There are 2 protein chains.
Amino acid sequence: MTGSPTEQRLRAAAFELFEQQGYDATTVESIAERAGVGRTTFFRAFGSKEDVIFPDHTDVLARVRQRLAASSAAETPAAVTEAARLVLRRYLDEGDLARARYRLTRTIPALRSREIAHLQQYQQEFRDHIRRWTGEEPGADLRAELMASSVVVAHNHVLRRWLRGLTEDPEREFDAAMAQVLRTHAPSAPTEIAGDDAGAGAGARGTTVVVLRSPVDADAVLPALRRALAQAEGSEGNGPATGPVLTS
Amino acid sequence: MTGSPTEQRLRAAAFELFEQQGYDATTVESIAERAGVGRTTFFRAFGSKEDVIFPDHTDVLARVRQRLAASSAAETPAAVTEAARLVLRRYLDEGDLARARYRLTRTIPALRSREIAHLQQYQQEFRDHIRRWTGEEPGADLRAELMASSVVVAHNHVLRRWLRGLTEDPEREFDAAMAQVLRTHAPSAPTEIAGDDAGAGAGARGTTVVVLRSPVDADAVLPALRRALAQAEGSEGNGPATGPVLTS
DNA sequence: ACAGATATGGTACTCAGTACCATCGAGCGA
DNA sequence: TCGCTCGATGGTACTGAGTACCATATCTGT
């Protein structure tokens with residue numbers, strides 16, 4: 001929520017009119033008029049009609065970049081997690097404003113498109129930073145891209161749940177979601193798992209081989225097994241990653 | 001490359017002018033003029049100036065949807081792979097046209113944004129389809145989103161390498177990338193199991209080896225697994241016969 | 001040849017975004 | 001106090017995308 005008083009009045013006017021009359025039916029001139037300024041001032045403050053509902057995206061992006069740059073390569077998983085949390089917190093702090101924006105971005109294609117473009121920018125920052133961490137083997141580029149997109153998706157998943165009022169504790173869900181992402185993309189999970197399987201070595205996550213002699217086939221029991229595992233892991237709130245199933 | 005002769009001429013004219021003068025410096029009127037038609041015809045053929053360089057995105061999206069819809073839930077990994085391959089092939093078939101588009105989308109923000117929006121549409125199709133496959137445990141939504149985004153990222157990674165001339169065999173790289181994605185997101189390899197089990201017969205007393213990866217160790221989850229198995233078999237009236245459980 | 005459907009062309013309009021210039025007020029030095 | 005600059009603002013005029021509407025042509029089957 002940065003900006004001069006004029007900018008704040010323009011933003012408020014824009015959100016009000018967009019909600020009342022719809023985005024397309026609202027002209028920049030009417031926004032400026034309601035804010036008591038000229039049309040020119042609007043375009044000087046925000047480059048376009050779309051930008052007025054994404055007030056400080058540039059700031060947040062800069063903060064993310066800065067947070068990432070301030071970390072060493074070895075801390076990458078933690079740095080990425082904290083950078084993503086930074087973005088999440090910014091939305092949470094906005095409260096109803098974020099919800100109003102969500103209502104608009106869900107409805108108006110142009111705004112949705114713009115928001116997706118913003119997410120892509122975050123993703124690229126993450127990718128570039130992660131890339132220095134994924135080493136030099138072939139496939140390192142792809143691994144960095146996969147991890148970056150997963151981080152953004154996890155963030156967005158939780159954010160959207162909060163925007164829809166489906167969660168009371170978004171930060172907890174964020175932690176769980178990020179833990180799940182890191183479990184599959186980081187060679188070893190940062191803190192929790194390290195203690196448990198200390199001796200296991202590179203794989204870091206325990207591999208459990210269950211040999212079943214039973215008349216039911218694998219597909220039938222897998223869901224039940226997964227559910228059981230999920231409960232056993234429950235405190236971490238993450239689904240288990242189930243490996244290959246072989247039958248003989 | 002669908003469309004009437006008029007549309008083809010318009011596309012060709014648009015690409016030529018965009019390359020020569022740049023996107024912003026080219027007016028729709030000049031495109032229409034070069035194609036020998038009126039400005040109105042341009043907007044009838046393509047809804048906007050941006051759309052002219054994404055000729056048949058709607059078609060491809062429809063094909064993807066159709067390919068996914070034609071598959072059962074059990075085939076999800078294979079169906080998603082093939083649907084993504086369909087998109088890749090479409091680009092490869094375009095050849096230089098795809099490269100010309102890439103040159104534009106890399107440069108002009110509006111076009112880049114539009115392309116990202118298209119990718120998002122693919123991703124949503126994948127997500128919705130995968131969602132039916134990820135079961136009902138908590139976290140299934142997120143898992144579907146993660147897998148969908150990973151598929152799109154893997155596809156795009158290979159596509160971009162091809163567009164930049166960094167690979168001679170994009171399909172091979174695509175297979176490798178998709179294999180990597182499925183390894184982390186699909187519980188089991190797609191096709192093998194179905195084939196293996198085919199002859200075993202429904203009632204056969206097979207031995208099933210289930211490999212589970214989870215951060216908790218086997219002893220902790222074993223009781224839960226036994227209970228889950230007992231319930232699964234319970235409905236069929238057979239006692240559970242769980243063999244040895246090994247951890248590594 | 002006639003009637004209707006379809007593709008096209010033209011005209012006029014709205015509105016976002018840009019460029020340019022004029023104005024106003026605050027601060028500041030002489 | 002006068003005059004100056006500087007930053008923010010307002011106004012005007014322009015380009016160009018996109019839309020609405022109507023007129024015309026071409027093609028179809030009868």
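All figures in this text were calculated on a predicted structure; none of them were measured in a lab. Below, chains carry the letters A, B, ... as their sequence lines are ordered, and counting in each starts from 1.
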_Just N and O in the side chain of B/Thr41: are any of them under 4.0 Å from OP1 or OP2 of C/dT8?_
no

Atom CD of B/Glu33 and atom P of C/dT8 are separated, to the nearest Å, by 18 Å

In B/S/- notation (B base, S sugar-phosphate only, - none; protein heavy atoms under 4.0 Å), nucleotides 14-22 of chain D written 5' to 3' is --SBBB---

The complete set of ring pair (Phe, Tyr, Trp, His ring centres under 6.0 Å) pairs with one or both residues in residues 10-53 of chain B, sequence neighbours excluded, reads B/Phe18-B/Tyr23, B/Phe42-B/Phe46

Residues 58-67 of chain B vs salt bridge (Lys or Arg N to Asp or Glu O under 4.0 Å), sequence neighbours excluded, gives B/Arg65-B/Glu125

- Query: What do you reckon, is CD of A/Glu137 surrounded by more than 12 foreign heavy atoms closer than 6.0 Å?
  - Reply: yes

When rounded to whole Å, the CZ to P distance for the pair B/Phe46 and C/dA7 reads 14 Å

Here the distance between atom C1' of D/dT9 and atom CG of A/Leu10, to the nearest Å, is 12 Å

> Within less than 4.0 Å of OP1 or OP2 of C/dT8, is there a side-chain N or O belonging to B/Thr6?
Replying inline: yes

A/Ile31 CD1 to C/dG17 P, in whole Å, measures 10 Å

So the ring pair (Phe, Tyr, Trp, His ring centres under 6.0 Å) pairs with at least one residue in residues 50-89 of chain B (sequence neighbours excluded) are B/Phe54-B/His118, B/His57-B/His118, B/His57-B/Tyr122

Which part of the nucleic acid, if any, lies within reach of B/Ser4 when heavy atoms closer than 4.0 Å are counted: base, sugar-phosphate only, or nothing?
nothing

The side chain to side chain contact (heavy atoms under 4.5 Å, CB included) partners of B/Ala84 (sequence neighbours excluded) come to B/Phe126, B/Val151, B/Phe174

Here the distance between atom C1' of C/dA7 and atom CD of B/Gln8, to the nearest Å, is 17 Å

Quick note, side-chain hydrogen bond (donor to acceptor under 3.5 Å, both in side chains) partners involving residues 33-44 of chain B, not counting sequence neighbours, are B/Glu16-B/Arg34

